[in-house]
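First up is the structure itself, then whatever we jot down about it.
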Amino acid sequence: LESIADAVITADSKGIIDYLNPVAERLSGWSEQEAIGKPIVDLFKVFDEKSLEAIVNPVLLCLQSGLPFMRQENTVFINRNGDAVAINESAAPLRDKHGNITGVVLVFHDVSSTRKLTRQMSYQATHDALTGLPNRILLMDHLETALELTQQSGHSLAVMFLDLDRFKIVNDTLGHDVGDELLQQVADRL
């Protein structure tokens, strides 16, 4: 546990911390000495990544159900410094030889860079690199959704098409750099 790449926190059956490995110390900002004896729900606060609403702590879910719990998406926890750390986490009950729950183990790892890369790739796939405006893929997705909503609600939908007349002349006479600048200014104004 001292050498693995995942953060590990163990707590007793009441959720009181009794162990943090070095990765858990680094990610949480709490030393093992500071954390031992404190309720895990006070040190490990979990939130939905998009809404930032508090969600049920996996340790509580595990202790209440007696079953392992795993969450792989859209979860962040706020460390001691107030930083949101994107994580995947799992919790499992610890049992004695009679099957009684004696504690819980929480394992999590930082997936911030992976989630950031995923968001960047998604953005690049759906937005124009020059203007930052949504591209045809995103337009079609939004248009399909809007059409479905208008059919369900009975409302109308309008689509506006904007064309830059004689744009080719700008590119041909003033060069592509000027044409790119014109497109960026139009995008900013839109």
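- The line from CD1 of Ile36 to CD1 of Ile16 is 12.0 Å long, rounded to the nearest 0.5 Å.
- The shortest heavy-atom contact between Glu25 and Glu32 is OE2-N, 2.6 Å.
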Report the C-alpha distance between Gln152 and Glu148 in whole Å, list the side-chain angles of each, state the deciding distance to 0.1 Å, and finish with yes or no for side-chain hydrogen bond (donor to acceptor under 3.5 Å, both in side chains).
-> CA-CA 6 Å; Gln152 293 170 3; Glu148 288 173 12; 5.3 Å; no
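- A donor-acceptor pair under 3.5 Å is formed between the side chain of Thr118 and the backbone N or O of Thr114.
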Report the C-alpha distance between Asn79 and Arg26 in whole Å, list the side-chain angles of each, state the deciding distance to 0.1 Å, and finish with yes or no for side-chain hydrogen bond (donor to acceptor under 3.5 Å, both in side chains).
-> CA-CA 9 Å; Asn79 67 17; Arg26 181 176 52 80; over 6 Å; no
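- The shortest distance between side-chain heavy atoms of Asp165 and Asp163 falls below 4.5 Å.
- Looking only at side-chain heavy atoms (C-beta outward), Cys62 and Pro68 stay at 4.5 Å or farther from each other.
- Ile55 places none of its side-chain heavy atoms less than 4.5 Å from the side chain of Glu49.
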Derivation of the side-chain contact (heavy atoms from CB on, under 4.5 Å) call for Asn135 and His127 | CA-CA 5 Å; Asn135 64 15; His127 290 77; 5.7 Å; no
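- In the hydrophobic clustering of this structure, Ile101 does not group with Leu67; members are Ile, Leu, Val, Met, Phe, Trp, Tyr whose side-chain heavy atoms approach within less than 4.5 Å, directly or through other members.
- Checking Asp48, Val46, Leu52 one by one against Val76, the side chain to side chain contact (heavy atoms under 4.5 Å, CB included) holds for a single residue, Leu52.
- Nearest heavy-atom pair, Gly15 versus Ala11, reported as atom, atom and distance to 0.1 Å: C-CB, 3.7 Å.
- Proximity of Leu182 to Asn171: side-chain heavy atoms (C-beta onward) are nowhere separated by under 4.5 Å.
- Rounded to the nearest 0.5 Å, atoms CD (Gln151) and CG (Leu157) are 10.0 Å apart.
- Hydrophobic clustering places Val186 together with Val170 (ILVMFWY residues linked when any side-chain heavy atoms are closer than 4.5 Å, directly or through intermediates).
- Considering only heavy atoms from C-beta on, Pro134 stays 4.5 Å or farther from His142 through its side chain.
- A pairwise comparison of heavy atoms in Pro58 and Leu106 identifies CG-CD1, 3.8 Å as the closest pair.
- Between the side chain of Ser112 and the backbone N or O of Val85 there is no donor-acceptor pair closer than 3.5 Å.
- The CG atom of Leu190 sits 10.5 Å away from the CG atom of Leu183 when rounded to the nearest 0.5 Å.
- Within the 4.5 Å cutoff, no side-chain heavy atoms of Asp6 are placed close to those of Val23.
- Within the 4.5 Å cutoff, no side-chain heavy atoms of Val105 are placed close to those of Tyr19.
- Taking the six-membered ring for Trp and thresholds of 30 and 60 degrees, Phe108 and Phe44 have ring planes inclined between 30 and 60 degrees apart.
- Note on Trp30 and Ile87: same hydrophobic cluster, where clusters join Ile, Leu, Val, Met, Phe, Trp and Tyr whose side-chain heavy atoms are under 4.5 Å apart, directly or indirectly.
- Listed here is the closest heavy atom pair of Pro93 and Gly66: CG-O, 3.4 Å.
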Decide side-chain contact (heavy atoms from CB on, under 4.5 Å) for Arg115 and Asn88; before the verdict, give the C-alpha distance in whole Å, the side-chain angles of both, and the deciding distance to 0.1 Å.
-> CA-CA 11 Å; Arg115 288 193 191 157; Asn88 288 346; 3.1 Å; yes
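- The two residues Asn57 and Arg71 come nearest to each other via the heavy atoms C-NH2, 4.5 Å.
- Under the 4.5 Å side-chain contact rule for hydrophobic residues, Ile17 and Leu60 share a cluster.
- Residues Ser90 and Val107 have side chains in contact (heavy-atom distance under 4.5 Å, counting atoms from C-beta outward).
- Taken from CG in Asn81 to OG in Ser28, the straight-line distance is 9.5 Å, to the nearest 0.5 Å.
- Note that the CG atom of Leu164 and the CZ atom of Arg166 stand 10.5 Å from one another [nearest 0.5 Å].
- Hydrophobic cluster membership differs between Leu143 and Met160, with clusters built from Ile, Leu, Val, Met, Phe, Trp and Tyr side chains linked at under 4.5 angstrom.
- Side chain to side chain, Gln124 and Gln120 fail the donor-acceptor criterion of an N or O pair below 3.5 Å.
- Within the model, atoms CG of Leu139 and CG of Leu133 stand 11.0 Å from one another, a figure rounded to the nearest 0.5 Å.
- No donor-acceptor pair closer than 3.5 Å links the side chain of Asp141 to the backbone N or O of Glu144.
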